[in-house]
Amino acid sequence: MAQKPSIPKGTRDFNPQEVAKRNYIFNTIRREFEVFGFQPIETPSFENSETLMGKYGDEGDRLIFKILNSGDYFDKFKNVVKELSDETFSGDLNPFYAIETNFVTKHISEKALRYDLTVPFARYVVQHQNEIDFPFKRYQIQPVWRADRPQKGRFREFYQCDADVVGSDSLWQEVEFVQLYDSVFTALGLNGVTIKINNRKILSGIAEVIGAHDKLIDFTVALDKLDKIGEEKVKDEMRSKGISEEGISKLQPLFTLKGDFGAQINELKAILSTSEEGKKGIEELEFINQGIQTLGLKTAKLQLDVTLARGLNYYTGAIFEVAAPEGVKMGSIGGGGRYDDLTGIFGLKNVSGVGISFGLDRIALVLEDLGLFPETITNTVKVLFINFGQAEAMASMKAIKVLREQGISAELFPDQKNTKKQFNYANKRQIPYLVLLGDSELQSNTYTLKNMASGEQQELSLEQLIVALQ
RNA sequence: GUGGUUGUAGCUCAGCUGGUUAGAGCGUCGGUUUGUGGUACCGAAAGUCGCCGGUUCGAACCCGGUCUUCCACCCCA
């Protein structure tokens, strides 16, 4: 055998069963999106580099797949360097040694694979702002790419399923997104997920109260790790980032924050009494919580988690993250939030957006782990005609033609092998019905229909066969 | 990007301190059984031991590199 071909790391092939399972999830999510009034759009798999670069922080830039320019990119690059050397360099300084990776990258790569669906959506909104009726509710289900190092549930090509609203400040949107999460996971049979919610204004307010407003990012990154590394190490990290001892002691109530939504809110009110921004955040959370309490959730739990930070810098209000039911080891299976300024990056000010994302690939892994896929989702042909010979095959094909016109999937076993093999084939493909059309049926112009699950069979006319299979 | 880990038949895995022709179960294919399946029995095929190089009389096993897998960071869906 020749050397086996392979695919790049972090990518996967999907066999028919896997595609059926994934489509089941896609269809469920899509149905809920549409029930909630979202409309689909699609954007290209790659964008201009400048659209993506700098939108996800330095870490994000590193993870963006860059596309090499076509043509003789190196020849063109040499011309760029030649001009540089005339203007910028003098003497015997070799310009090739003075230029940096970023500079080179910029000149040999002008396109990049999309990293998420939110930034391309922001670009879409700004570009098409005159055609869009606001508030605009869109959903988008497409693959994204990250040059990350793969792990379980972490791929270099994976699907995101996003729903966002732009052009509405209303907190009812946040309420609806919590309901949407609940509806989708309930529809998938994935009961008991935890929808964690926080608010960027609260994080910002806390940072302000402890005198670390300029260190908001460092502060939230450290706080986010509380679950994982524990209170002491979080404090250590905050100290190492230059947050004062006095500030850290003011945080003490945060580490022991317990109880239900209302109790935690009351604690926060005490901590944030001097921060206008913090109080605003609390107000928003209360609104969302009251809405959900009144309307109710089907199977999900809404939980306030002040340590929830999320990396993306553009969130300004609510922050969401969805954790799989207890006992399943998996990173978050969904996330989202409110971003007041996102389209500002592309020059459209004062348009607020809020949205959530579902991680299809991780949801698939979780459903697989818990055995929650319905058994009936695998696509297979409904009826297989056993091949008994030339004349029988021709008669079978005539019947198959009629069945297909009726929208019934049917096929003929192509070879006249012994019946045991043909039956085995039907078993393996989980084909539910067989038709035996042999000599005796040809004589009487009938069809023997066999139900593979029950083993029952009956002799039918073509009309009866159609009815039986519909 | 940092540190570690993994790779043997289609799949799951054995393979002793380096020593003849690398094994098992499941699956596949053929037969008992070309008009009745999932069972049983018999038989067969299938591996440059991830890839490249090195050490050695001799390498699946030791060393280096590389790709891949998974894990912890980082970050995130």
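Note on naming: letters A, B, ... go to the chains in the order of the sequence lines (proteins, then strands), and numbering restarts at 1 for each one.
- With sequence neighbours left out, the side-chain hydrogen bond (donor to acceptor under 3.5 Å, both in side chains) criterion links Gln464(A) to Ser461(A).
- Following rounding to the nearest Å, Phe185(A) (CZ) and A77(B) (C1') show an atom-to-atom distance of 10 Å.
- When the C1' atom is compared between U55(B) and C73(B), the two are found 36 Å apart, to the nearest whole Å.
- Atom C1' of nucleotide U34(B) and atom CD of Glu392(A) are separated by 12 Å, given to the nearest angstrom.
- The side chain of Phe158(A) lies closest to A77(B) when the candidates are U68(B), A77(B), C74(B).
- Toward the 5' end of RNA chain B, the nearer of the two residues Thr11(A) and Ser357(A), judged by each one's closest nucleotide, is Thr11(A).
- Residues passing the salt bridge (Lys or Arg N to Asp or Glu O under 4.0 Å) test with Lys421(A), sequence neighbours excluded: none.
- For the P atom pair drawn from C61(B) and U17(B), the interatomic distance equals 15 Å after rounding to whole Å.
- Checking A77(B), U69(B), C74(B) against every side-chain atom of Arg62(A), the shortest atom distance belongs to C74(B).
- Rounded to whole angstrom, the span from the NZ atom of Lys225(A) across to the C1' atom of A72(B) amounts to 13 Å.
- The number of heavy-atom neighbours closer than 6.0 Å to CZ of Phe14(A), taken from other residues, nucleotides and ligands shown, is above 12.
- For the C1' atoms, the distance from C51(B) to A59(B) is 16 Å, rounded to whole Å.
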Please step through salt bridge (Lys or Arg N to Asp or Glu O under 4.0 Å) for the pair Lys233(A) and Asp236(A), ending with a clear verdict. CA-CA 5 Å; Lys233(A) 287 188 173 168; Asp236(A) 286 345; over 6 Å; no
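- A side-chain N or O of Ser444(A) and one of Thr446(A) form a donor-acceptor pair less than 3.5 Å apart.
- Glu174(A) meets the side-chain hydrogen bond (donor to acceptor under 3.5 Å, both in side chains) test with Arg338(A); sequence neighbours excluded.
- Residue pairs meeting the salt bridge (charged side-chain N to carboxylate O under 4.0 Å, His left out) criterion with at least one partner in residues 12-22 of chain A, sequence neighbours excluded, are Arg12(A)-Asp361(A), Lys21(A)-Glu368(A), Arg22(A)-Asp361(A).
- For the pair Leu113(A) CG and A77(B) P, the computed distance is 18 Å after rounding to whole Å.
- Nucleic acid contact class of Phe358(A) (heavy atoms, under 4.0 Å, all strands): none.
- Protein atom CD of Glu59(A) is 12 Å distant from nucleotide atom P of U2(B), rounded to whole Å.
- Side chains of Gln173(A) and Ser168(A): a donor on one and an acceptor on the other come within 3.5 Å.
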Could I get a table of every N or O pair under 3.5 Å where one atom is in the protein and the other is in nucleotides 27-30 of chain B?
residue : atom : partner   : partner atom : Å
U28(B)  : OP1  : Lys428(A) : NZ           : 3.3

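- Separating the P atom of G3(B) from that of A45(B) is a span of 48 Å, rounded to the nearest Å.
- Applying the 3.5 Å distance criterion, the base of C75(B) shares a donor-acceptor pair with the side chain of Arg154(A).
- Contact annotation for Gly10(A): backbone-only contact, meaning every heavy-atom pair under 4.0 Å involves sugar-phosphate atoms and none involves a base.
- If you measure from atom CZ of Phe320(A) to atom P of C76(B), you get 18 Å, rounded to the nearest angstrom.
- Taking atom CG of residue Asp13(A) and atom P of nucleotide U68(B), one finds them 15 Å apart after rounding to whole Å.
- Both key distances under 3.5 Å define a Watson-Crick or G-U pair, and stretches of 3 or more such consecutive pairs in RNA chain B run B:1-4 with B:70-73, B:10-13 with B:23-26, B:28-32 with B:40-44, B:50-54 with B:62-66.
- Going from the C1' atom of U5(B) to that of C71(B) covers 7 Å, rounded to whole Å.
- When the P atom is used for both A60(B) and C67(B), the distance is 24 Å, rounded to whole Å.
- The separation of A9(B) from A14(B), taken at their C1' atoms, amounts to 13 Å, rounded to a whole angstrom.
- Across the C1' atoms, A22(B) and G47(B) are found 9 Å apart, a figure rounded to whole Å.
- Rounded to an integer number of Å, the gap from Gln151(A) CD to U6(B) C1' is 14 Å.
- The nucleotide whose nearest atom lies closest to any side-chain atom of Arg149(A) is, among A77(B), U34(B), C71(B), C71(B).
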Give every pair of a protein N or O atom and an N or O atom of nucleotides 35-37 of chain B that lie under 3.5 Å apart, one pair per line with the distance.
residue : atom : partner   : partner atom : Å
G35(B)  : O6   : Gly438(A) : N            : 3.4
G35(B)  : O6   : Asp439(A) : N            : 2.8
G35(B)  : O6   : Glu441(A) : OE1          : 3.0
G35(B)  : N1   : Glu441(A) : OE1          : 2.8
G35(B)  : N1   : Glu441(A) : OE2          : 3.2
G35(B)  : N2   : Glu441(A) : OE2          : 2.9
U36(B)  : O2   : Lys450(A) : NZ           : 3.2
U36(B)  : O2   : Gln457(A) : OE1          : 3.3
U36(B)  : N3   : Gln457(A) : OE1          : 3.0
U36(B)  : N3   : Gln457(A) : NE2          : 3.2
U36(B)  : O4   : Gln457(A) : NE2          : 2.9
G37(B)  : O2'  : Asn424(A) : OD1          : 3.2
G37(B)  : O2'  : Asn427(A) : ND2          : 2.6
G37(B)  : O6   : Met452(A) : O            : 3.4
G37(B)  : N1   : Met452(A) : O            : 2.5
G37(B)  : N2   : Asn427(A) : OD1          : 2.5
G37(B)  : N2   : Met452(A) : O            : 3.2
G37(B)  : N3   : Asn427(A) : OD1          : 3.0
G37(B)  : N3   : Asn427(A) : ND2          : 3.2

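- Residue pairs meeting the ring-ring contact (aromatic ring centres under 6.0 Å, His included) criterion with at least one partner in residues 422-470 of chain A, sequence neighbours excluded, are Phe413(A)-Tyr425(A).
- For the side-chain hydrogen bond (donor to acceptor under 3.5 Å, both in side chains) test, residues two or more places apart in sequence or in another chain that qualify with Glu34(A) are Tyr139(A).
- Remark on RNA chain B: of its neighbouring residues Val322(A) and Glu237(A), the 5'-side contact belongs to Glu237(A), judged by nearest-heavy-atom nucleotide.
- Every residue two or more places apart in sequence or in another chain was checked for a ring-ring contact (aromatic ring centres under 6.0 Å, His included) with Phe388(A), and none qualifies.
- Every ring-ring contact (aromatic ring centres under 6.0 Å, His included) that Phe185(A) has, sequence neighbours left out, goes to Phe358(A).
- The stretch residues 430-459 of chain A participates, sequence neighbours left out, in no salt bridge (charged side-chain N to carboxylate O under 4.0 Å, His left out) pair at all.
- For NZ of Lys398(A), the number of neighbouring non-hydrogen atoms (other residues, nucleotides, ligands) closer than 6.0 Å is 12 at most.
- Heavy atoms of Gln416(A) sit under 4.0 angstrom from at least one base atom.
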